[in-house]
Number of protein chains: 2
Amino acid sequence: MVSADPTAPPRNPHSGGVVISVDAMGGDRGPAVVVAGIAESAEKNPDIRFIVHGPGAELERLIGRRPGLAARCDIRDAANVVTMGDKPSQVLRKAEGTSMWSTLESVRQGEAMAAVSCGNTGALMAMSMIRLRKLPGVNRPAIACLWPSRNPQGFNVMLDVGADIRADAQDLLAYALMGAAYARNGLGLARPRVGLLNVGTEEHKGRPELKQAHELMPASAQAANFDYVGFVEGGDLPSDHVDVIVTDGFTGNVALKTGEGTAKLVGDFMRDAFSKSILSKFAALLAMGSLKRLQKRIDPRRVNGGVFLGLNGTVVKSHGSADATGVSAAIKLAFQLAQSGFQDRLAARLAQIHAGAETDGATPTEGAS
Amino acid sequence: MVSADPTAPPRNPHSGGVVISVDAMGGDRGPAVVVAGIAESAEKNPDIRFIVHGPGAELERLIGRRPGLAARCDIRDAANVVTMGDKPSQVLRKAEGTSMWSTLESVRQGEAMAAVSCGNTGALMAMSMIRLRKLPGVNRPAIACLWPSRNPQGFNVMLDVGADIRADAQDLLAYALMGAAYARNGLGLARPRVGLLNVGTEEHKGRPELKQAHELMPASAQAANFDYVGFVEGGDLPSDHVDVIVTDGFTGNVALKTGEGTAKLVGDFMRDAFSKSILSKFAALLAMGSLKRLQKRIDPRRVNGGVFLGLNGTVVKSHGSADATGVSAAIKLAFQLAQSGFQDRLAARLAQIHAGAETDGATPTEGAS
C-alpha cells in the first residue's frame, strides 16, 4: 500500500536494481497510461525501480491502485506540464516546476540511470541540452530510432530522426560514432555496419556535406571500430547490408514518418482486403496466428523509443500517443541501455576520438569542452 | 509484317492517335522488355502510335515478332546507349547518337507528344534540359511521382523526387504550381490540395526556405487555383487531406524510396507469415483473391512513371527495373498527359504567373526567358 502522506521520507530508489526516471505527464493519453506502462514494465522486470514525476496526489492514487507498485516507485511532485503545443523557447522560460524538468533532474543528480518521457520532442531535447549538457566532442546531439529490418537482429538504428534539422560533415561523423555505440550496446553487434543516407550510392551524388563525410568516414570507422559501407538509399533502410543509417534530422524525420505511414497504409489495405467477402473473412480467421505474428513484427509499439545521443545521460523519448505497451517498451529500452553501461562507454569513445582530433591539430567541434 | 529495309520511307507516325516516343534502351532488362511493354500498351489502347529508338535491326526483329505491332511503330536507329553507371557529365559529351537523345529529339521536333525512357534518371534529366529547355518561369524542373493514398482518387502527387537535390522558396512555389497542374490533368482534380513537406505542422518548424515558401504559398494558391493546406509530415503522405506534396528533390527521393522499401518489407513479411504453417498456407489459398487485390493496390508497377515537369515537352521516366507491365503503365501515363493537353496548359499557367510576377516588379527566376 502506498502512503498518501507527502511528508513521508522518500524511499531510496537505489536499493536494488536499475532506477529509471519517468515523466508521467505530457503524453496524449495522460498519466494513467504512463502508470499502466510502468506497472507492465515492473511486472516483467523485477530489477527496475522508478522515480515518477507529475502531480503528486494523482500519481499516489494511480500507483496505489496497482498491487505492489508503490514499493518500487518514488513519486516526485511536479505541478506543471509541458504540452505538445508548447514551443521549445516558451518551455524553457517556465521549465522549472514541470514534470519534464524534474524527470531530467533525477538523471542529472545521479539518482536515476536513464529518463523516459512521452512529452513534446523539441521541448525535451531543448531541456535535456540545458540540464544534462552535451558530451565533449558533440556539437549536435541526435535522436536515434530502431527500424524494422531484414538483418539478423531484426532492427536497424537510424539517426538523427529529429533533434536538429541541420547536420554538417562533422556532425554526421559524430552520429556514425554514436549510432555504432548504440548498435553495439542496444543490439549487441560487435562491429556495426554504418551507411550514409543519400539519393544514390555513386560517389558523385548528394549534398556537399555528404560527400565530405563520405571522404572522412573510413578513418573514423577505423578509430571507432565500425564498418563503413558507403552511401545507402531510402530503399536500403530495411536491408541486411547496413545496421546504422546516418542522416540529418530533417531527412531522418521525414523518412521515419514516411516509413511508419506506409506500413500503416499497407496494414489498413490488408484489413480492407480481408473483410471484403465471407470467404476472405474466413481465411483471415484461419490465418489469425500468422496475421498476429505479422502485426507484431511491424508494430511500432515494439520499438517505441527514440534515444537522445550525445548528452551526459540517457534520455528515451516515447511516442506521444504511446499506450501502456508502448510506454513499457520505452522503459525496457532505457533499462537495457542503463544496464549495458552504454552511456559511459560512449562518453569514453567520444573523449578518445576528440583527444585524437586535438592531437592531430584538427579544430575541435563547437560545444567541446 | 515489318520491312527490314532501312532505306524504306518512314511511316507517318501522326496518322491517327497520340504518338509516344519510346527509348527502348537503358533499362535493366533490355529492349525485349520495353517492346513487350509497347505491345501490351498497343493492345490495350488503339489510339497510341509509337516512335521506338534503339539499335534498328534488333528492334525490327523484336517488333516484327508481335503481330500487328510493326504497323504502329516507327523505328529510329540509334546505336549508342546511356548506361545506368554513366555520370550525367559523361553522358552529355557522347549524347548524340544515343537512343535517349533520339527519343527526346522526336518530342522536340513535334513528331511525338511525349517521351518515355527506362534509362538513367540523372542523364535523362540533363539531356531533357538541353534538348527541350526549361519553361519560362521555371528555375529547377522537377520529377513528380504518384503515391498510393487514402484519398478518393487513390493517389497523391509528390514532387520533386530527384531532379535536383536543392530547392529554394521560389522553386517550391513553382513545384506547387506544376504539381497542381499535374493533379488536375493526370488525376482529374479540379482544385488540388497542396501541402509542403516538413518535420512538423507548426509554423515555427523547418528550414528557412520552407518557412519562406509557407508565407508565399497562399497568394500563389489563389493565382494558380489550388488550395494550400500548410505543412504536412511524412506520415501524411498517404493521407486524405492532401493531393500534392511539395518538397526538395533530396528529401522527396529519400521519402519515395523509403516508402517503396517499407511497402516491400511489409509485403515480404506477409508472405513469410502465410507460408509458416499448413493452416496459414491454406488460408492464403482461400484469401488469394483478397491478397491479389491488395498486391495490386500497392504494386509499384501500377504507378510506374516519374513525370519531368517544367520542360518544353512531357518526359516520363520509367523505373529502370520495370517489366512489360511497368513499361506499359509509363506509356499509359504519357498518353493520358499528352491527350489532356497538360503541357500547353502548364506552360500557359506558368507564363501567366511569370508575367504577373514581372508586373509586380518581382525578380524573374533564373532560366526565365
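Note on naming: letters A, B, ... go to the chains in the order of the sequence lines (proteins, then strands), and numbering restarts at 1 for each one.
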Backbone N/O of V232(B) and side chain of N198(B): donor-acceptor pair under 3.5 Å: no
Contacting region of L210(A) [heavy-atom separation from chain B under 4.5 Å]: side chain
Over all atoms of both residues, closest heavy-atom pair of A163(A) and M125(A): CB-CE, 3.5 Å
Quick check for you: among T251(A), T258(A), T262(A), which has the greatest number of heavy-atom pairs under 4.5 Å with chain B? T258(A)
Among G235(A), G122(A), G261(A), the residue with the most heavy-atom pairs under 4.5 Å to chain B is G235(A)
Taking V254(A), T247(A), V199(A), L237(A) one by one, which has the highest count of heavy-atom pairs under 4.5 Å against chain B? V199(A)
Would you mind checking which part of D236(A) comes under 4.5 Å of any heavy atom in chain B, side chain (CB onward), backbone (N, CA, C, O), both or neither? neither
Can you check whether D240(A)'s main-chain N or O pairs, donor with acceptor, with R193(A)'s side chain at less than 3.5 Å? yes
Would you mind telling me which of K264(A), E233(A), R150(A) has the largest number of heavy-atom pairs within less than 4.5 Å of chain B? R150(A)
Verify the distance criterion only: is there a donor paired with an acceptor across the side chains of D168(B) and Q212(B) at less than 3.5 Å? no
Looking at chain A, which one of L256(B), L197(B), I165(B), T121(B) has the largest number of heavy-atom pairs inside 4.5 Å, strictly under? I165(B)
Is it the case that the side chain of D243(A) and the backbone of N156(A) share a donor-acceptor pair, with hydrogens and angles ignored and the cut-off at 3.5 Å? no
Would a distance-only check, ignoring hydrogens and angles, find a side-chain to backbone donor-acceptor pair under 3.5 Å from N120(A) to M84(A)? yes
If one checks every heavy atom of K205(A) against chain B at 4.5 Å, the contacting part turns out to be neither
Sole residue of D86(A), V91(A), V82(A) in side chain to side chain contact (heavy atoms under 4.5 Å, CB included) with T98(A): V82(A)
Sort out for me which of G85(B), G200(B), P238(B) touches chain A most, counting heavy-atom pairs under 4.5 Å. P238(B)
With a 4.5 angstrom heavy-atom cut-off, could you sort out which part of D248(A) is near chain B: side chain, backbone, both or neither? side chain
